[in-house]
Amino acid sequence: MRKIDKRAEPREWKDYRKTPGARYQPFDFLVDALLDEQGYICAYCERRIPHRDVQQEEDHRIEHLSSQKKGREMGDDSDLNYDNMVICCPGNISNDKKQYHCDKAKGSKELAISPLNAAMMNTIRFTPTGKIASTDDKLNSELGKDGLNLNNQRLVEHRQ
């Protein structure tokens, strides 16, 4: 994981979200802006995007850092907030749910960790064995099976 610096939202997205009744849509211009902003790299595992995993149709996912579900429950429009979005790989190296990672593993869980937060990103390191770890226990837990599952066997092997 590395720090992501958000840019201004695309003009087309700004116009769209002002439309009465606007709901989140993964428009091509939105995907393109996020890909460009992140250098075609997954916000969590840093795999190159587009990336198509085994037997999967998608090659990327737009991740809402604060889940769309929470936003709907709170009655806000966080699903339309560009600053709440990053782009991720599909997150499923195999069809085994234990191997899901990134947004696919996170689902609608609310995590403290954010690739937009420099202080958090400064606590994260890659070990010589290919694992990712944080000096903060809570973030370390969220990097693992309790959150993003970034230390699953296949990702660790790829990092080595």
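For reference, positions follow the sequence shown, starting with 1.
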For this session: Would you please name every residue forming a salt bridge (charged side-chain N to carboxylate O under 4.0 Å, His left out) with R7, sequence neighbours left out?
Result: D36
Problem set entry | With N149 via side-chain hydrogen bond (donor to acceptor under 3.5 Å, both in side chains) - residues at least two apart | none
For this session: Could you check I87 against Y40 for side-chain contact (heavy atoms from CB on, under 4.5 Å), going step by step and ending with a plain yes or no?
Result: CA-CA 8 Å; I87 199 155; Y40 292 78; over 6 Å; no
Problem set entry | From N92 atom CG to K104 atom NZ, the distance as rounded to the nearest 0.5 Å | 4.5 Å
What pairs of donor and acceptor atoms, side-chain ones from residues 128-135 against any protein atom, are under 3.5 angstrom apart with sequence neighbours left out?
residue	atom	partner	partner atom	Å
T129	OG1	T127	OG1	2.9
S134	OG	T123	OG1	2.7
S134	OG	D136	N	3.0

Problem set entry | More than 12 heavy atoms of other groups within 6.0 Å of K145 NZ | no
Exercise. Looking only at heavy atoms, which two atoms of M121 and R125 are closest? And how far apart?
Worked result: O-NH1, 4.4 Å
Exercise. Do I41 and I49 share a hydrophobic cluster, counting only Ile, Leu, Val, Met, Phe, Trp and Tyr and linking them when any side-chain heavy atoms are less than 4.5 Å apart?
Worked result: no
Problem set entry | Reported NE2-to-SG distance for the pair H101 and C42, which is rounded to 0.5 angstrom | 7.5 Å
Exercise. Between E37 and D5, which heavy-atom pair has the shortest distance, and what is it?
Worked result: CG-O, 3.6 Å
Exercise. When rounded to the nearest 0.5 angstrom, what is the spacing between NZ in K138 and CG in L143?
Worked result: 12.5 Å
For this session: Please check if atom CG in D28 has more than 12 non-hydrogen atoms from other residues, nucleotides or ligands closer than 6.0 Å.
Result: no
For this session: Hey, could you give me the NZ/NZ distance between K18 and K14, rounded to the nearest 0.5 Å?
Result: 6.0 Å
For this session: Using the test side-chain hydrogen bond (donor to acceptor under 3.5 Å, both in side chains), find all partners of Q160 that sit at least two apart in sequence or belong to another chain.
Result: none
Problem set entry | Pairwise side-chain contact, L139 with I124, heavy-atom cut-off 4.5 Å (strictly under) | no
Exercise. Taking atom CE of M1 and atom CG of L148, what is their separation to the nearest 0.5 Å?
Worked result: 6.0 Å
Exercise. Do other residues, nucleotides or ligands put more than 12 heavy atoms under 6.0 Å from K3 NZ?
Worked result: yes
Exercise. Do the side chains of F126 and L150 join up, straight or via other hydrophobic residues, at under 4.5 Å, putting them in one cluster?
Worked result: yes
Exercise. Ion pair present between K6 and D83, side-chain N to carboxylate O less than 4.0 angstrom?
Worked result: no
Exercise. Got a salt bridge between E63 and K106, using NZ or NE/NH1/NH2 to carboxylate O under 4.0 Å?
Worked result: yes
Seminar exercise, completed: Shortest non-hydrogen pair, I4 vs A43, comes out as CD1-CB, 3.5 Å
For this session: Could you list the residues that satisfy salt bridge (charged side-chain N to carboxylate O under 4.0 Å, His left out) with E46, not counting sequence neighbours?
Result: none
Problem set entry | R154 side chain vs N151 backbone, donor-acceptor pair below 3.5 Å | no
For this session: Tell me whether L80 is reachable from Y82 by hopping between hydrophobic residues (I, L, V, M, F, W, Y) whose side-chain heavy atoms are closer than 4.5 Å.
Result: yes
Exercise. Stepwise, does the side-chain contact (heavy atoms from CB on, under 4.5 Å) test hold for M85 with L30?
Worked result: CA-CA 10 Å; M85 296 178 209; L30 181 59; 3.8 Å; yes
For this session: Show the numbers, then the answer: is there a side-chain contact (heavy atoms from CB on, under 4.5 Å) between E9 and R17?
Result: CA-CA 11 Å; E9 67 184 322; R17 68 179 173 77; 2.5 Å; yes
Exercise. Only one of L65, V86, N84 forms a side chain to side chain contact (heavy atoms under 4.5 Å, CB included) with S114, so which one is it?
Worked result: L65
Problem set entry | Nearest-0.5 Å distance that lies between atom OG in S66 and atom CG in L111 | 10.5 Å
Seminar exercise, completed: Applied to residues 1-20, the ring-ring contact (aromatic ring centres under 6.0 Å, His included) test, sequence neighbours excluded, yields W13-Y16, Y16-F27
Exercise. Does the side chain of C89 come within less than 4.5 Å of R47's, by heavy atoms?
Worked result: yes
